Amino acid sequence: MQTTIVGCAGSFPGPDSPASCYLIDTGDFRLVLDIGNGALGALQRYTALDRVDAICLSHLHGDHCLDLCGYAVAQTMHPDGPRSRIPVYGPAGAAERLTRAATVDEPSTSMTEAFDFRTLTEGTTEIGPLRVTTAHMNHPVETFGFRIEHDGQVLAYSADTGPTPSLVGLAAAADLLLCEASFLDGPDLPADLHLTARQAAEHAAAAGVGELVLTHLVAWNDAAATLEQAAPAFTGPLSLARAGLEVGGHARS
C-alpha cells in the first residue's frame, strides 16, 4: 500500500503544492483520498484518471473536494466516450453540493453521471481490498478521519480537525499518520477548527503511531517552526508532507 502525497497545502493551494489529495495504491487498486483545488492536474502525474477505482472525501470544504468538478468533465466528455462511474464516498449531500459548485445557472446531472455517490457514516467498510474505518473529527462541518488497512499495513489520516480523542482512537498503533498541522502555537487561535503542529504530535504520541507526517500546511507558516514545535512531543520519525512524496509501503516489524 503505497501512498503518494499529491497535494498537502492547507486551506488553499500553495506555490509548491495543490490542496489536499492523496493517492493510495495497492498495485491492483487505486483510491484517491480527498481531491482539493489544484489537485486534479497533479494527480495525472501519478495515475491515469480512468484508472482510479474509488474516491473518498473527508468533508465538503473546497480545499478537500472542489477538483471533483473538473474530474467530472474528464469522466463525461472524453473523446472515446463517457468513462465508467467512479464510486465516491463522502458526507451526506456531497452530490448536491458539488453539482452546485460545477454549474452556474441550470440543473445538471454531470456529477452523478460521472460518479456513484455513496454516503459515509462512522464505522468500518470494505472499499476494494482496503479495510476503511471512519470517525467524526472536530471541525465545523461533518468531517471524517480515516484508518485504512491492507496487507498488514495501517495508514491513518486526520483530515481537518481540532483536538479530539477520536483521532487518537482512529490512529491507534498505525504505521503512519498523516496529520494536519495548520496552526503554529500562538494566542487566540480558533477553537475546534485545526491542530497546531504541537497538538498533532501530541495526538500521534498518544496513539502510538510509528511515523508522523505533518500535512495541510498553510503557505504562510514557517516550515522549520512547524517541525520545531512538533518535535518535542513525538520522538518517532517525523517529517513534513510535500507534493510528490511517497510514504508507507511497509508495516512495522
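This is a predicted model, so every value here is computed, not measured.
- Not a single donor-acceptor pair under 3.5 Å links the side chain of Ser20 to the backbone N or O of Gly10.
- Looking only at distances, a side-chain donor or acceptor of His203 sits under 3.5 Å from a matching main-chain atom of Thr164.
- With Asn37 contributing its side chain and Phe12 its backbone, the two residues share no donor-acceptor pair below 3.5 Å.
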Extract all donor-acceptor atom pairs below 3.5 Å that involve side chains of residues 142-150 and protein atoms in other chains or at least two apart in sequence.
residue : atom : partner : partner atom : Å
Glu142  : OE2  : His136  : NE2          : 2.9
Thr143  : OG1  : Val141  : O            : 2.8
Arg147  : NH1  : Leu170  : O            : 2.8
Arg147  : NH1  : Ala172  : O            : 2.9
Arg147  : NH2  : Ala172  : O            : 3.2
His150  : ND1  : Pro129  : O            : 3.4

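- For Asp188, the CG atom is loosely surrounded, since the number of other residues' heavy atoms within 6.0 Å does not exceed 12.
- Nearest heavy-atom pair, Ser158 versus Met137, reported as atom, atom and distance to 0.1 Å: O-CG, 3.3 Å.
- Within the 4.5 Å cutoff, the side chain of Leu155 has no heavy atoms near those of the Tyr22 side chain.
- With respect to Arg198 and Glu202, a salt bridge is recorded, a charged nitrogen being found less than 4.0 Å from a carboxylate O.
- Under a cut-off of 6.0 angstrom, the local environment of CZ in Arg85 is crowded, with over 12 non-hydrogen atoms contributed by other residues, nucleotides or ligands.
- Here the shortest heavy-atom pairing between Asp28 and Asp25 reads N-OD1, 4.3 Å.
- For the pair Asn138 (side chain) and Thr161 (backbone), a donor-acceptor distance under 3.5 Å is absent.
- Residues Asp160 and His216 have side chains in contact (heavy-atom distance under 4.5 Å, counting atoms from C-beta outward).
- Partners of Tyr46 by ring-ring contact (aromatic ring centres under 6.0 Å, His included), not counting sequence neighbours: none found.
- Shown here for Asp53 and Pro87, the closest heavy-atom pair between the two residues is O-CD, 3.3 Å.
- Other residues sharing the hydrophobic cluster of Val73, ordered by chain and number and joined by side-chain separations under 4.5 Å: Met77.
- More than 12 heavy atoms of other residues, nucleotides or ligands shown are found within 6.0 angstrom of CG on Asp222.
- Nearest heavy atom pair, residue Thr76 against residue Ala114, reads CG2-CB, 3.9 Å.
- Side-chain atoms of His61 do not come within 3.5 Å of backbone N or O of Asp63 as any donor-acceptor pair.
- Asp67 places a side-chain N or O within donor-acceptor distance of the main-chain N or O of Ala39, the cut-off being under 3.5 Å.
- Under the 3.5 Å distance criterion, the side-chain polar atoms of Thr4 are left unmatched by any main-chain donor or acceptor of Val6.
- Checking side-chain atoms of Ser17 against main-chain N and O of Cys8 turns up a donor-acceptor pair under 3.5 Å.
- Side chain of His194 to backbone of Gly162: no donor-acceptor contact under 3.5 angstrom is found.
- Partner of Tyr157 under the side chain to side chain donor-acceptor pair (under 3.5 Å) criterion, chosen from Asp34, Thr3, Thr215: Asp34.
- Remark: side-chain polar atoms of Glu180 are not paired, donor with acceptor, to backbone N or O of Leu214 under 3.5 angstrom.
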